[in-house]
Amino acid sequence: MAGAERETPAKPATADREIVISRVIDAPPELVFEAFTEVRHLSRWWGPEGFSTTTRSFEFRVGGEWDFVMHGPDGTNYSEWITWTEIVPPQRIALLHGESRDDPNAFESTLAFAPDGAATRIVMRTVFPTRELRDQAVEKYHAIEGGEQTLSNLAAYVAELTQRQEEGR
């Protein structure tokens with residue numbers, strides 16, 4: 001029977017290695033992008049609930065690096081390193097994230113900032129080198145919950161910025 005077959009959308013080749021998290025933030029893309037790309041903002045909201053961040057160095061440009069330590073609520077310190085691989089203000093950021101520059105398990109993330117009415121829809125797509133590393137990040141490090149909490153912290157911080165701007169501070 002010609003024409004009776006239905007086409008199934010192809011799954012991306014990375015589907016079994018990726019995590020996708022999104023959130024709508026009540027602020028324009030320019031402000032959300034700024035909060036995500038300036039170190040004076042990042043240290044105020046970055047990380048899951050209960051974590052804090054200390055920046056050792058930060059250079060926001062393609063090829064630049066962010067070297068930082070995340071401090072867990074239990075006192076554990078996590079060395080982290082990011083290099084920016086693409087920057088398209090205020091629409092997109094791509095990065096490589098690991099424990100250090102030579103981390104063989106580093107993962108790639110792409111963040112898209114799109115207008116959603118007067119708000120911004122941010123979509124964070126993270127692709128791990130292997131399915132096993134993705135599963136470990138989800139099961140051992142609670143990457144999905146941590147990512148959702150991080151974007152929630154960003155939303156709360158941007159709401160503070162917006163309120164301050166409206167009050168003329």
Side-chain angles (χ1 to χ4, degrees), residues 12 14-23 25 27 29-113 120-161:
T14 59
D16 67 340
R17 299 185 288 125
E18 86 183 343
I19 296 171
V20 180
I21 299 169
S22 69
R23 182 178 182 102
I25 297 177
E30 294 78 10
L31 183 58
V32 178
F33 189 88
E34 176 186 319
F36 213 105
T37 60
E38 293 187 14
V39 71
R40 67 188 174 99
H41 296 306
L42 278 167
S43 62
R44 303 276 310 276
W45 63 267
W46 180 266
E49 292 298 321
F51 281 75
S52 62
T53 301
T54 301
T55 295
R56 294 185 257 205
S57 66
F58 183 87
E59 187 177 12
F60 187 70
R61 63 170 181 77
V62 172
E65 298 177 354
W66 180 22
D67 182 12
F68 61 103
V69 178
M70 290 180 58
H71 311 285
D74 64 356
T76 303
N77 291 325
Y78 301 90
S79 289
E80 302 286 330
W81 172 87
I82 286 175
T83 188
W84 317 105
T85 57
E86 181 183 15
I87 300 170
V88 182
Q91 302 164 349
R92 181 178 157 91
I93 300 169
L95 57 92
L96 183 64
H97 185 161
E99 292 179 4
S100 63
R101 180 180 289 122
D102 56 355
D103 184 351
N105 298 326
F107 51 86
E108 298 174 352
S109 290
T110 303
L111 298 110
F113 303 80
T120 301
R121 174 170 298 279
I122 184 169
V123 177
M124 183 167 52
R125 183 176 302 276
T126 301
V127 179
F128 292 84
T130 66
R131 188 177 90 204
E132 292 74 22
L133 286 169
R134 191 268 328 255
D135 292 349
Q136 180 183 37
V138 168
E139 294 161 16
K140 184 176 178 184
Y141 298 108
H142 311 286
I144 294 170
E145 297 86 348
E148 290 171 348
Q149 290 172 9
T150 297
L151 292 184
S152 177
N153 291 342
L154 171 61
Y157 178 70
V158 169
E160 277 179 45
L161 288 178

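In this chain, residues are counted from 1 in sequence order. Both backbone and side-chain heavy atoms feed into the values below; hydrogens, waters and symmetry mates do not.
F60 has its side chain out of reach of F36: every pair of non-hydrogen atoms, C-beta onward, lies at least 4.5 Å apart. I122 has its side chain within reach of I25: a pair of non-hydrogen atoms, C-beta onward, lies under 4.5 Å apart. Using a 4.5 Å heavy-atom cutoff, the side chains of R40 and E34 are in contact. Inter-residue side-chain proximity for F33 and P89 is flagged as met; some heavy-atom pair is nearer than 4.5 Å.
Pairs passing the side-chain hydrogen bond (donor to acceptor under 3.5 Å, both in side chains) check and including a residue from residues 71-91, sequence neighbours excluded, read T54-H71, R56-S79, E65-W81, H71-N77, D74-T76, E80-H97, E86-R92.
We find the CG-CD1 distance between D67 and I82 to be 10.5 Å, quoted to the nearest 0.5 Å. Rounding to the nearest 0.5 Å gives a distance of 11.5 Å between OG1 of T14 and CZ of F128. Taken from CG in L95 to CE in M124, the straight-line distance is 9.5 Å, to the nearest 0.5 Å. Rounded to the nearest 0.5 Å, atoms CG (L42) and CH2 (W66) are 4.5 Å apart. Atom-to-atom distance recorded for L111:CG and T126:OG1 is 7.0 Å, nearest 0.5 angstrom. Considering CZ of F107 and CD1 of I19, their distance stands at 8.0 Å, rounded to 0.5 Å.
No more than 12 heavy-atom neighbours from other residues, nucleotides or ligands sit within 6.0 angstrom of CD on E99.
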List, one per line, each side-chain donor-acceptor pair under 3.5 Å for residues 145-152, sequence neighbours excluded.
unit_1 : atom_1 : unit_2 : atom_2 : d
Q149   : OE1    : E49    : N      : 3.0
T150   : OG1    : G47    : O      : 3.3
T150   : OG1    : G146   : O      : 2.8

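Panel note: side chain R17, backbone T130; no donor-acceptor pair is recorded below 3.5 Å. Judged purely by atom type and a 3.5 angstrom limit, T120 uses its side chain to pair as donor or acceptor with the backbone of A27.
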How far apart are the C-alpha atoms of L133 and Q136, what are their side-chain angles, what is the distance that settles it, and do they pass the side chain to side chain contact (heavy atoms under 4.5 Å, CB included) test?
-> CA-CA 5 Å; L133 286 169; Q136 180 183 37; 3.7 Å; yes
Check against side-chain hydrogen bond (donor to acceptor under 3.5 Å, both in side chains), T53 and S43 = CA-CA 6 Å; T53 301; S43 62; over 6 Å; no
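The two residues P129 and P104 come nearest to each other via the heavy atoms CG-O, 4.2 Å. Nearest heavy-atom pair, F58 versus T37, reported as atom, atom and distance to 0.1 Å: CZ-O, 3.4 Å. Nearest approach of A35 to H41, heavy atoms of both residues: O-CB, 3.4 Å. Taking each heavy atom of A15 and R134 in turn, the nearest pair found is O-NH1, 3.8 Å.
Aromatic pair W46/Y157: centroids not less than 6.0 angstrom apart.
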